[in-house]
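Working notes, structure below.
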Amino acid sequence: GGWGGGGAGGGEGRGGGRGEGGRRRAGADCRAVGEGTSEGLYVMARGEDGECRPTLVNGAYAELLDRRPEDVIGRTVRERRDPAAAERILAHYAEAIESRSAVSWEWTEEIRGAEVAGTALVTPLFSEQGECYRLIGTMRDVTEQKRAEEARLRSDPDYRAVGEGD
């Protein structure tokens with residue numbers, strides 16, 4: 001699994017048309033977006049059992065989390081994460097579904113022997129019947145920004161004074 005086109009309409013935008021050529025162009029555009037961004041992207045189908053299973057992940061997602069796409073695609077969060085992390089993630093998914101809106105959060109995790117800080121955003125998609133059938137997610141590595149902010153705060157005399165109990 002790479003990032004790929006299924007279901008991308010093609011009726012508007014470059015090339016227009018709903019024929020095979022339009023679908024091919026839409027699929028190519030979808031792949032270009034998915035693989036051309038530095039953001040980790042994922043698409044999850046929500047099954048009749050209520051569980052969300054990734055159907056697509058891009059290269060940035062795989063790189064960020066140090067996971068091969070084939071180890072992620074089709075597996076629930078509980079199948080691929082430790083129980084505490086799975087419950088935290090699932091609570092965010094549930095919030096997005098219940099609020100019918102995008103939900104974002106920050107996370108930290110040890111990856112490749114180092115602590116990585118990230119942000120995630122998940123957006124639910126609903127059918128005409130009002131059922132959530134898909135979640136679209138993004139992830140971003142913010143480790144360097146967090147380190148820079150911590151260094152700035154450590155060098156700030158006002159911050160140090162507060163930290164020292166003055």
Chi angles and distances behind the side-chain contact (heavy atoms from CB on, under 4.5 Å) call for R78, E51: CA-CA 9 Å; R78 287 187 182 95; E51 294 282 353; 2.9 Å; yes

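- Under a 3.5 Å cut-off, the side chain of N58 and the backbone N or O of L41 do form a donor-acceptor pair.
- E95 is not listed as a side-chain neighbour of E98, based on a closest heavy-atom distance of 4.5 Å or more.
- Taking 4.5 Å as the limit, every side-chain heavy atom of R134 sits out of range of all side-chain heavy atoms of F126.
- The hydrophobic cluster containing L125 does not contain L121, counting ILVMFWY residues as joined when their side-chain heavy atoms lie under 4.5 angstrom apart, directly or transitively.
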Worked check of side-chain contact (heavy atoms from CB on, under 4.5 Å) between W105 and R88: CA-CA 10 Å; W105 66 95; R88 283 191 305 272; over 6 Å; no

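- In this structure, the side chain of R80 engages the main chain of R75 through a donor-acceptor pair within 3.5 Å.
- Within the 3.5 Å criterion, the main-chain N or O of V116 finds no donor-acceptor partner in the side chain of T143.
- Considering CG of D66 and CZ of R112, their distance stands at 4.5 Å, rounded to 0.5 Å.
- Taking CE of M44 as the start and CG of L56 as the end, the distance is 11.5 Å to the nearest 0.5 Å.
- In terms of heavy-atom proximity, P124 sits nearest to A102 at CD-N, 4.2 Å.
- For the pair E48/E131, no side-chain contact is recorded, criterion being any heavy-atom separation below 4.5 Å from C-beta on.
- R100 approaches G130 most closely through the heavy-atom pair NH1-O, 3.4 Å.
- No side-chain N or O of E39 forms a donor-acceptor pair with one of T37 less than 3.5 Å apart.
- At a threshold of 4.0 Å, the pair E144-R147 counts as salt-bridged, since one of the basic side-chain nitrogens sits closer than that to a carboxylate oxygen.
- A continuous path of Ile, Leu, Val, Met, Phe, Trp and Tyr side chains, each step under 4.5 Å between heavy atoms, connects L65 with L90, placing both in one hydrophobic cluster.
- Among all heavy-atom pairs drawn from P69 and V57, the shortest one is CB-CG2, 3.7 Å.
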Stepwise salt bridge (charged side-chain N to carboxylate O under 4.0 Å, His left out) test for E149 and K146: CA-CA 5 Å; E149 176 67 10; K146 288 280 190 187; over 6 Å; no

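- V142 and L64 fall into different hydrophobic clusters, defined by Ile, Leu, Val, Met, Phe, Trp and Tyr side-chain heavy atoms under 4.5 Å apart, directly or through other members.
- Dense packing is recorded around CZ of R53, with more than 12 heavy atoms of other residues, nucleotides or ligands lying under 6.0 Å away.
- For the side chain to side chain contact (heavy atoms under 4.5 Å, CB included) with V122, the lone residue among L135, I89, I136, T138 that qualifies is L135.
- Both W107 and V72 are part of a single hydrophobic cluster, where members link through side-chain heavy atoms under 4.5 Å apart.
- The two residues C132 and I97 have their closest heavy-atom pair at SG-CG1, 3.7 Å.
- With rounding to the nearest 0.5 Å, the separation of CD in E150 from OG in S155 is 12.0 Å.
- Side chain of E87 to main chain of A84: no donor-acceptor pair is present (N/O by atom type, distance under 3.5 Å, no hydrogens or angles).
- Figure legend: R67 and Y61 shown without cation-pi pairing, the cationic atom not lying both under 6.0 angstrom from the six-membered ring centre and within 45 degrees of its axis.
- Considering only heavy atoms from C-beta on, Y93 comes within 4.5 Å of V77 through its side chain.
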